[in-house]
2 protein chains.
Amino acid sequence: MPFTVTILGCNSALPTANRNPSAQILDVKDQLYLIDCGEGTQMQMRRFKIKFNKINHIFISHLHGDHFFGLIGLLSTFGLMGRKSDLHIYAHSEIQTVLKGQLSFMKPDTTYRIVFHPLDFKKSKIILEDKRITVTSFPLLHRIPTCGFLFTEKASLPHLIKEKLDQYAIPIADRVKIKDGADFTTSEGQIILNSELVIPAVKPCSYAYCSDTAYNEDIISTISGTDLLYHEATFGNDNKSLAAITGHSTATDAATIALKAKVKQLVIGHFSARYKETFELVAEARKTFPNTEAAADGKIFTVKTSH
Amino acid sequence: MPFTVTILGCNSALPTANRNPSAQILDVKDQLYLIDCGEGTQMQMRRFKIKFNKINHIFISHLHGDHFFGLIGLLSTFGLMGRKSDLHIYAHSEIQTVLKGQLSFMKPDTTYRIVFHPLDFKKSKIILEDKRITVTSFPLLHRIPTCGFLFTEKASLPHLIKEKLDQYAIPIADRVKIKDGADFTTSEGQIILNSELVIPAVKPCSYAYCSDTAYNEDIISTISGTDLLYHEATFGNDNKSLAAITGHSTATDAATIALKAKVKQLVIGHFSARYKETFELVAEARKTFPNTEAAADGKIFTVKTSH
């Protein structure tokens, strides 16, 4: 089953012609998780053929407009589509006040229920756990309270080897135990080791989203060893002082975090509008962390395919 | 000087991949007037190279989201850009309540002043008069209070013919009167007719925006003889009953209004997402009003060029 990230927008606040503001879709086994929802997200979803009804959870990192101005439009569209299932929004508690005027006037949620989950900006916290994933929020370092999100796939059970089940005539009751790691003892008292009976499960995938944030080593322990890290790189080293003033990172900052956290792949994004092209930012990051790619609207990063 | 309309979005509420929701720019002598501001308007402005600082007046037809969800993003961007000049917004008075949460939380207008002008949905009214144009709002027929807008260029004065000024040695004081239509009497008592002394001014241009609205003959007198009419055609005759239920028009409705109002050109827009292509809607409208074009994002309709 797939574990992929589709970039819907990877620009910072000022609008550009070819990059939308922050939004992306994490697809875990065909359940879609929307991370941030900048203006135009719903149009990007149409462009990149994202199924609206597969989204039940929306994560808003912080209340700067380029991360949530698309939310009210999406909520309205859900209403126009006659959505029935609950929609869970994980965001700063203030979001309800901010959107109150529009929510009470537009009433986008007449056919469905919106459940707001306030984020904790002081410490890491598990904010969602379902059969597919665990989502942990953790504080980032920005001008206003901001959270990163770590998505960790639930470990799946190993596969039983059919030939071995037949060979040892293993009863149904024992098969569950074997999936959980038990060895099997035959009626003759022979012990068959678990490793002979199963194909190990694929290692669970993980994805960390860190935007917006200044360079912050406090997050390293949380995102350590992650398969895929999206880390903002609003600027390059050419604008290091601007990054410091605005609470953002340079491409080198992002790469240094990736290196220290020993992640497998880094994707940089949230580019300032001053960078028409992003190859220089990627080149800068690769000096520190070679396995770096630049986000681009519509680009899909695959941690695991569906096969 | 130019008089053109650039379409930034011409779709109705449900998002599509290739049409943004309602927004357009009227350019009158390099002053830009923004009409409606659906989600994504500011990105469309970047794409189509619209100068942000040339906009001082925004007209919002009604408070359905696809006509104003892009406003808060644009206001924020104006703030990020350090805008100084006043911004005038003509809309339903309720818009301030709807946007209150975002305005007080985001404070987009710390560097400039937003002046709200409440619309009158009961009768036609001049809402703006500057040296370039007169803008008249007029009630449309929709599910909620909605206004159309008529933009009429101010008449310019005729041009004096230099050779005639020299030939008759016309004093400066008389030239102003001649521009205003007076004949000239020479010192010998000869009357020179005004028509011999001037090249008539170019006829003032006009543009009418009617979206969203059901078929409504009450608007005909207001938009009569307009150079360019944008009239919504959310549906075709294949969805006539849907148009009636939702307070929208068919392409035939739009064309009939254009015909009865004797406008010069009709542009149809605000297309339902169910129409992937719009040529059938144009074909339907042309049966009634041949000079019809379909709006498309980025398309520019020129009433008068800059030469």
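Naming: A, B, ... by sequence-line order, numbering from 1 per chain.
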Could you tell me which portion of [X] (side chain, backbone, both or neither) has an atom closer than 4.5 angstrom to a non-hydrogen atom of chain A?
X        : answer
B:Ser76  : side chain
B:Phe78  : neither
B:Glu94  : side chain
B:Ser104 : neither
B:Phe48  : neither

Quiz item: Should A:Phe69 and B:Glu39 count as side-chain neighbours, where that means a heavy-atom distance under 4.5 Å?
Solution: no
Self-check item: Student check: side-chain heavy atoms of B:Leu14 and A:Gln42 closer than 4.5 Å
Solution: no
Quiz item: Considering only heavy atoms, which portion of A:Pro21 lies under 4.5 Å from any heavy atom of chain B: side chain, backbone, both, or neither?
Solution: side chain
Exercise. Would you check, one step at a time, whether the test side chain to side chain contact (heavy atoms under 4.5 Å, CB included) holds for B:Phe105 with A:Leu63?
Key: CA-CA 9 Å; B:Phe105 183 80; A:Leu63 296 188; 3.6 Å; yes
Practice problem: Mind ranking B:Gly65, B:Ala273, B:Gly73 by heavy-atom pairs under 4.5 Å with chain A and telling me who comes out on top? | Solution: B:Gly73
Quiz item: Do you know which of A:Thr77, A:Leu103, A:Asn11, A:Ile72 has the most heavy-atom pairs under 4.5 Å to chain B?
Solution: A:Ile72
Quiz item: Between CE of B:Met43 and CE of A:Met43, what distance do you get to the nearest 0.5 Å?
Solution: 6.0 Å
Quiz prompt | Separation of A:Arg47 CZ from B:Thr16 OG1 (nearest 0.5 Å) | solution = 8.0 Å
Self-check item: Exercise: identify the closest heavy-atom pair between A:Gln102 and B:Leu99
Solution: NE2-CD2, 3.5 Å
Quiz item: In this structure, are over 12 heavy atoms from other groups packed under 6.0 Å from A:Lys299 atom NZ?
Solution: yes
